[in-house]
Amino acid sequence: MFTRLFFRLIFVVALVLALPAARPALAQTAPTPHPAFNVTVTGHGRPVILIPGLTCPGAVWDETVARYRGQYQCHVVSLAGFGGVGPQQPVPAHLLQDTRDQLLAYIKAQKLRRPVIIGHSLGGFLALWMAATDPTAVGPLEIVDSLPFISAVQNPAATAELARPQAEQLRQQVSQGHLTLTARRQMSAGMVTDSARITQLTRWSQGSDPATVAQAMYDMYTTDLRADVARIKQPVLVLGSWAGYKQYGSTKESVRATFTQQYAQLPQARIELSEAGRHFLMYDDTAWFFAQTDAFLRQRAVAVK
């Protein structure tokens, strides 16, 4: 039951957005030639790159930035085509690969020394892909409710090639951009528990470019990082959700088994599951999310990188 629901949840994330909170003071938009995203830089200290999930702009991290900008230099990414950010025209055929490469180029251009990367959902997937592609460029990773190969959640034996037909069908459906407000709100309720956040998630749905969302989903569903993550040597914290599936019969153990299987080639990854949070853990289980992040950033293996 968990696998089917998780698959549906990630589809939902592609269709609804989070309403941005107030922007942090003293934020500056970094000039960059990278068309796949823009970056807002706030704070001082060791660099931390924060990457949002499908359809979410960087504002999804506002509360996180407010907590850490006094100790860290926060580079908040907003992906083109998501949450009111103008899309690339035309949408690249290899959107996520291009985004991965441009994020690595951004790190080099800004002379960031092995920055910590925190990524939610699609942002976590990109963080894993960046680290597997160039392990020396990035530092420790915090992956928030994301997996190396979403298509294998339903079938662990799935391959990228086998996933293509369903991914293509999904791409065609999402690119049409048709979903009622009521349906969006119902879907939002599967990702967060707070009613105000449900409203926020629903309201931002009109700010995303359907063609960009569709291509991003296709790329993620047809990219298998389960073996590639073996190249990652830095510390990795994986934060997962399971509470949203409890009513359907899933257990914490069954959900953990899925995460453990997906991250089998990354033995140094520490997997922690929230007792209460749904997909947007930083919204839904904020105290737990911050406690986990605080402890991770204080670890000697992370702090000295």
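The residues of the chain are indexed from 1 along the displayed sequence. Please read these numbers as outputs of a predicted model, since none were measured by experiment.
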Should Lys252 and Leu273 be marked as a side chain to side chain contact (heavy atoms under 4.5 Å, CB included) after you check the CA-CA gap, both sets of side-chain angles, and the distance that decides it?
-> CA-CA 8 Å; Lys252 187 176 182 179; Leu273 300 182; 3.9 Å; yes
Report the C-alpha distance between Met130 and Ile51 in whole Å, list the side-chain angles of each, state the deciding distance to 0.1 Å, and finish with yes or no for side chain to side chain contact (heavy atoms under 4.5 Å, CB included).
-> CA-CA 12 Å; Met130 292 165 64; Ile51 310 175; 4.1 Å; yes
Audit row: Arg171, Gln215, side chain to side chain donor-acceptor pair (under 3.5 Å) steps and yes/no | CA-CA 6 Å; Arg171 176 164 60 178; Gln215 186 61 49; 2.8 Å; yes
For side chain to side chain contact (heavy atoms under 4.5 Å, CB included), just list the numbers for Met220 and Leu54, CA-CA rounded to whole Å, side-chain angles, deciding distance to a tenth of an Å, and then say yes or no.
-> CA-CA 10 Å; Met220 187 164 67; Leu54 278 162; 3.8 Å; yes
Decide side chain to side chain contact (heavy atoms under 4.5 Å, CB included) for Val138 and Ile49; before the verdict, give the C-alpha distance in whole Å, the side-chain angles of both, and the deciding distance to 0.1 Å.
-> CA-CA 10 Å; Val138 304; Ile49 298 177; over 6 Å; no
Criterion side chain to side chain donor-acceptor pair (under 3.5 Å) on Arg100 and Thr133, from CA distance to verdict | CA-CA 9 Å; Arg100 175 203 69 186; Thr133 300; 3.3 Å; yes
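Here the side chain of Gln268 pairs a donor or acceptor atom with the backbone of Ile232 at under 3.5 angstrom. Ser208 contributes no side-chain N or O that, together with a main-chain N or O of Phe82, makes up a donor-acceptor pair within less than 3.5 Å. Ser175 contributes a side-chain N or O that, together with a main-chain N or O of Gln172, makes up a donor-acceptor pair within less than 3.5 Å. A donor-acceptor pair under 3.5 Å links the side-chain atoms of Trp242 to the main chain of Ser274, judged by distance alone. No side-chain donor-acceptor contact under 3.5 Å links Arg270 to the backbone of Phe296. In this structure, the side chain of Gln262 does not engage the main chain of Leu147 through any donor-acceptor pair within 3.5 Å. Between the side chain of Asp224 and the backbone N or O of Thr159 there is no donor-acceptor pair closer than 3.5 Å. A donor-acceptor pair under 3.5 Å links the side-chain atoms of Ser78 to the main chain of Gly58, judged by distance alone. Between the Asp228 side chain and the Ala132 main chain, no donor and acceptor come within less than 3.5 Å of each other. With hydrogens and angles ignored, the 3.5 Å screen pairs a side-chain donor or acceptor of Gln102 with a backbone N or O of Ala36.
Between Ala160 and Thr222 the shortest heavy-atom distance is CB-O, 3.2 Å. Closest of all the heavy-atom pairs between Ser241 and Val255 is O-CG1, 3.7 Å. When all heavy atoms of Thr64 and Phe289 are compared, the closest pair comes out as OG1-CE2, 3.6 Å. Of all heavy-atom pairs between Ser121 and Gly53, the closest is CB-CA, 4.0 Å. Nearest heavy-atom pair across Val238 and Ala269 is CG2-CB, 4.3 Å. Closest approach of Gln234 to Ala131, counting heavy atoms only: NE2-CB, 3.9 Å.
In this structure, the side chains of Val60 and Tyr283 come closer than 4.5 Å at one or more pairs of heavy atoms. Residues Thr40 and Thr42 have side chains in contact (heavy-atom distance under 4.5 Å, counting atoms from C-beta outward). Counting heavy atoms from C-beta outward, Glu142 and Val116 have side chains that stay 4.5 Å or more apart. When side chains are defined from C-beta on, Ile150 does not count as touching Phe125, because their heavy atoms never get closer than 4.5 Å. Side chains of Tyr218 and Arg164 form a contact here, defined as non-hydrogen atoms less than 4.5 Å apart. Residues Val41 and Gln73 have side chains in contact (heavy-atom distance under 4.5 Å, counting atoms from C-beta outward). Looking only at side-chain heavy atoms (C-beta outward), Pro52 and Trp61 come within less than 4.5 Å of each other. The closest side-chain heavy-atom distance from Leu128 to Ile143 is below 4.5 Å.
In this structure, OG1 on Thr193 lies 9.0 Å from CG on Asp285, to the nearest 0.5 angstrom. Note that SG of Cys74 and NE2 of His44 are 11.0 Å apart. Values are rounded to the nearest 0.5 Å. Atom OG1 of residue Thr251 and atom NZ of residue Lys246 lie 10.5 Å apart, to the nearest 0.5 angstrom. The structure places CD of Gln88 at 6.0 Å from CG of Leu95, a figure rounded to the nearest 0.5 Å. For the atom pair Ser146 OG and Leu239 CG, the distance stands at 11.5 Å (nearest 0.5 Å). Taking CG of Leu50 as the reference point, atom CD1 of Ile117 lies at 10.0 Å (rounded to 0.5 Å).
Salt bridge status for Asp294 with Arg67: present, with a side-chain N to carboxylate O gap under 4.0 Å. Electrostatic pairing of Arg256 and Glu253 does not count as a salt bridge here, judged by no charged N lying under 4.0 Å from a carboxylate O. The pair Glu63-Arg197 counts as a salt bridge, with a side-chain nitrogen and a carboxylate oxygen less than 4.0 angstrom apart.
Cluster membership for Leu225 and Val153, using ILVMFWY side-chain heavy atoms within less than 4.5 angstrom, is shared. Hydrophobic clustering (ILVMFWY, side-chain heavy atoms < 4.5 Å, transitive): Leu170 and Phe149 are in distinct clusters. Hydrophobic cluster membership differs between Val85 and Val39, with clusters built from Ile, Leu, Val, Met, Phe, Trp and Tyr side chains linked at under 4.5 angstrom. A chain of hydrophobic side-chain contacts below 4.5 Å, direct or via other Ile, Leu, Val, Met, Phe, Trp or Tyr residues, connects Val174 to Leu79. Under the 4.5 Å side-chain heavy-atom criterion for ILVMFWY residues, a single connected hydrophobic cluster contains both Ile271 and Val229.
Tested against Trp129, the residues Leu96, Leu103, Asp134, Thr99 include a single side-chain contact (heavy atoms from CB on, under 4.5 Å) partner, Leu96.
Not counting sequence neighbours, the partners of Pro87 by the side-chain contact (heavy atoms from CB on, under 4.5 Å) test are Gln89, Asp209, Thr212.
Taking the six-membered ring for Trp and the full ring otherwise, the centers of His120 and Phe280 sit less than 6.0 Å from each other.
With hydrogens and angles left out, the side-chain atoms of His75 and Tyr106 include a donor and acceptor closer than 3.5 Å.
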